[in-house]
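For reference, the structure discussed in these notes is given below.
In this text the structure is predicted, and so the values were computed from the model without any measurement.
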Amino acid sequence: MASTHAPNSSALIRFCLILLISTHAAAITAHHHQHFKQAPKFYNSPTCATIAPEPTDTCWDEAVHVAMTLDITYLRGSMAAIFSVLQHSSCPENVIFHFVTAASRASSSLLLNRTLSNSFPYLNFQIYPFNDLQVAGLISTSIRSALDCPLNYARNYLANLLPSCVRKVVYLDSDLVLVDDIAKLAATPLGIDNNNTVLAAPEYCNANFSAYFTPSFWSNPSLSLTFAGRRPCYFNTGVMVIDLQRWRAGDCTRKIEEWMELQKRMRIYELGSLPPFLLVFAGNIGPVDHRWNQHGLGGDNFRGLCRDLHPGPVSLLHWSGKGKPWARLDANRPCPLDALWAPYDLLQTPFALEA
């Protein structure tokens, strides 16, 4: 039975277009006032495998592949994330970055390309335009409007966008920094005995998993039985190790889209792009230590809320939630842990002095 709460698809697309245009124009204006420093070049240690004969060889077996979305609004965070990956990598020259940008913003893609090349002149990267307007028609409104932007769904299409020779990729959000070697994360085994394991991520089984779906989902056996025979746990999609070949073989993009289409007809979840991932993968996730996603440092959905680190060691700090460290630092209202992000900030401030 169709829900009366389902938004009109064409109206949502028009809203997204208006939002994209207005925020894009504002972001480009703001970008012209942002200048980023050039990061130092980082070199491979003597124990690293020989780098690829051609720097643009994305099919090189020894490469560590990292995928991120890239837009002007979160560019400052992305630059810090890239810097942190390179600084803590034992083989930084072997890291290949795959950046996904919004195809509807061709002008900003040029700016992003130039900014990356200027700050990281030796970076091995490629940019892939993503048809963000096409996916806009699949998106339902969520409890946070920031989660409804089409580029937030680009991770669903990495297997289609990246070259078919790229088998495994580490997906990273833009609001995080690494303090450990990303090669360790990239080496996460994806179930040798179970060749159906598509992705690995830290799981949080103490979280209230049922809260991610509506009562109408749980009261409908044909839907809730989706998790039959699985032990589903929450996982954060901002840090994932993905086997793209298994993703393609399992037609996972289509499965995610089918849940998104059902969501348009009857509301079965509330929170953006996460629930479709849970529906398809929860209960069949390769294990990753929690040190690789110390998430929630942005305060979740509460503005101004400061969080502490989870117990245990730390390899990756993730400011998921509303509060971003650069915004809080600029407002002179930082949380204590924002000081751990600041050393990776490449923004060139007007009063910065040359060493």
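The distance from atom OG1 of Thr69 to atom CG of Asp132, rounded to the nearest 0.5 Å, is 11.5 Å. Atom CD1 of Ile72 is separated from atom OG of Ser78 by 11.0 Å, given to the nearest 0.5 angstrom. Here the CD1 atom belonging to Ile96 is positioned 4.5 Å from the CG atom belonging to Asn124, to the nearest 0.5 angstrom. For the atom pair Ser315 OG and Lys184 NZ, the distance stands at 6.5 Å (nearest 0.5 Å). Between atom CZ of residue Arg105 and atom CG of residue Leu110 there is a gap of 14.0 Å, rounded to the nearest 0.5 Å. Interatomic distance, Leu158 CG to Cys252 SG, rounded to the nearest 0.5 Å: 12.0 Å.
Between Phe209 and Phe227, the distance separating the two ring centers is shorter than 6.0 angstrom.
Aromatic ring orientation, Phe235 versus Phe277: perpendicular (interplanar angle above 60°, classes split at 30° and 60°). Using cut-offs of 30° and 60° on the angle between ring planes, the pair Trp326 and Tyr74 is perpendicular. Ring geometry, Phe83 versus Tyr344: the interplanar angle exceeds 60°, so the pair is classed perpendicular (tilted spans 30 to 60°).
Side chain of Asn118 to backbone of Arg114: a donor-acceptor contact under 3.5 angstrom is found. A distance-only check finds no donor-acceptor pair linking the side chain of His318 to the backbone of Ser174 [under 3.5 Å]. Checking side-chain atoms of Lys168 against main-chain N and O of Thr188 turns up a donor-acceptor pair under 3.5 Å. Side-chain N or O atoms of Thr226 include one that pairs as donor or acceptor with a backbone N or O of Leu223 at under 3.5 Å. For Gln263 (side chain) and Tyr269 (main-chain N/O), a donor-acceptor pair under 3.5 Å exists by modelled atom type. No donor-acceptor distance shorter than 3.5 angstrom exists from the side chain of Ser89 to the backbone of Asp181, with no hydrogens or angles considered. Remark: the backbone N or O of Asn113 is paired with a side-chain donor or acceptor of Ser117 at under 3.5 angstrom. At least one donor-acceptor pair under 3.5 Å links the side chain of Arg246 to the backbone N or O of Thr197. Side chain of Gln348 to main chain of His35: no donor-acceptor pair is present (N/O by atom type, distance under 3.5 Å, no hydrogens or angles). A donor-acceptor distance shorter than 3.5 angstrom exists from the side chain of Thr253 to the backbone of Asn156, with no hydrogens or angles considered.
A 4.5 Å side-chain heavy-atom check between Asn293 and Leu176 finds every atom pair outside the cut-off. Looking at heavy atoms from C-beta onward, Leu116 lies out of side-chain contact with Phe97 at the 4.5 angstrom threshold. Annotation: side chain of Leu86 is not in contact with side chain of Tyr122 (no heavy-atom distance under 4.5 Å). Counting heavy atoms from C-beta on, the side chains of Asp289 and Pro202 never come closer than 4.5 Å. Looking at heavy atoms from C-beta onward, Met79 lies in side-chain contact with Ser119 at the 4.5 angstrom threshold. No side-chain heavy atom of Arg167 sits under 4.5 Å from any side-chain heavy atom of His65. Counting heavy atoms from C-beta on, the side chains of Leu199 and Phe281 come closer than 4.5 Å. A 4.5 Å side-chain heavy-atom check between Val239 and Leu185 finds at least one atom pair inside the cut-off.
Both Trp292 and Leu309 are part of a single hydrophobic cluster, where members link through side-chain heavy atoms under 4.5 Å apart. The same ILVMFWY cluster, assembled from side-chain heavy atoms under 4.5 Å apart, contains both Trp218 and Leu262.
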**Request:** Check the pair Leu316 / Asp180 against side chain to side chain contact (heavy atoms under 4.5 Å, CB included), numbers first and verdict last.
**Result:** CA-CA 7 Å; Leu316 185 150; Asp180 203 343; over 6 Å; no

**Request:** For side chain to side chain contact (heavy atoms under 4.5 Å, CB included), just list the numbers for Ile82 and Met68, CA-CA rounded to whole Å, side-chain angles, deciding distance to a tenth of an Å, and then say yes or no.
**Result:** CA-CA 9 Å; Ile82 298 164; Met68 301 174 67; 4.2 Å; yes

**Item:** Verdict with reasoning, Val198 to Val280, per side chain to side chain contact (heavy atoms under 4.5 Å, CB included)
**Value:** CA-CA 10 Å; Val198 175; Val280 175; over 6 Å; no

**Request:** Let me see the working for Ile182 and Leu172 under side chain to side chain contact (heavy atoms under 4.5 Å, CB included), right down to the final yes or no.
**Result:** CA-CA 11 Å; Ile182 196 169; Leu172 299 176; 4.0 Å; yes

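When only modelled atom types and interatomic distance are considered, Tyr171 and Asp173 share a side-chain donor-acceptor pair under 3.5 Å. Between the side chains of Glu257 and Tyr157, at least one donor-acceptor pair of N or O atoms lies under 3.5 Å. Side-chain polar atoms of Asp338 and Trp319 form a donor-acceptor pair below 3.5 angstrom.
Nearest heavy-atom pair across Ala80 and Val177 is O-CG1, 4.1 Å. For the residue pair Gly272 and Tyr153, the shortest heavy atom distance occurs at C-OH, 3.3 Å. Listed here is the closest heavy atom pair of Ala102 and Ser109: O-OG, 4.1 Å. Summarising the geometry of Trp341 relative to Gly77, their closest heavy-atom pair is CZ2-CA, 4.3 Å, with the distance given to 0.1 Å. What you find for Arg231 and Cys205 is that their closest heavy atoms are NH1-SG, 3.6 Å. Shortest non-hydrogen contact noted between Leu190 and Ile242 is CD1-C, 4.3 Å.
Of the charged side-chain nitrogens involved, at least one lies within less than 4.0 Å of a carboxylate oxygen, so that Asp330 and Arg76 count as a salt-bridged pair.
Asp251 is linked by a salt bridge (Lys or Arg N to Asp or Glu O under 4.0 Å) to Arg254, counting only residues two or more places apart in sequence or in another chain.
Atom CG of Asp308 has 12 or fewer heavy atoms from other residues, nucleotides or ligands within 6.0 Å. In the displayed structure, Asn208 atom CG is contacted under 6.0 Å by more than 12 heavy atoms of other residues, nucleotides or ligands.
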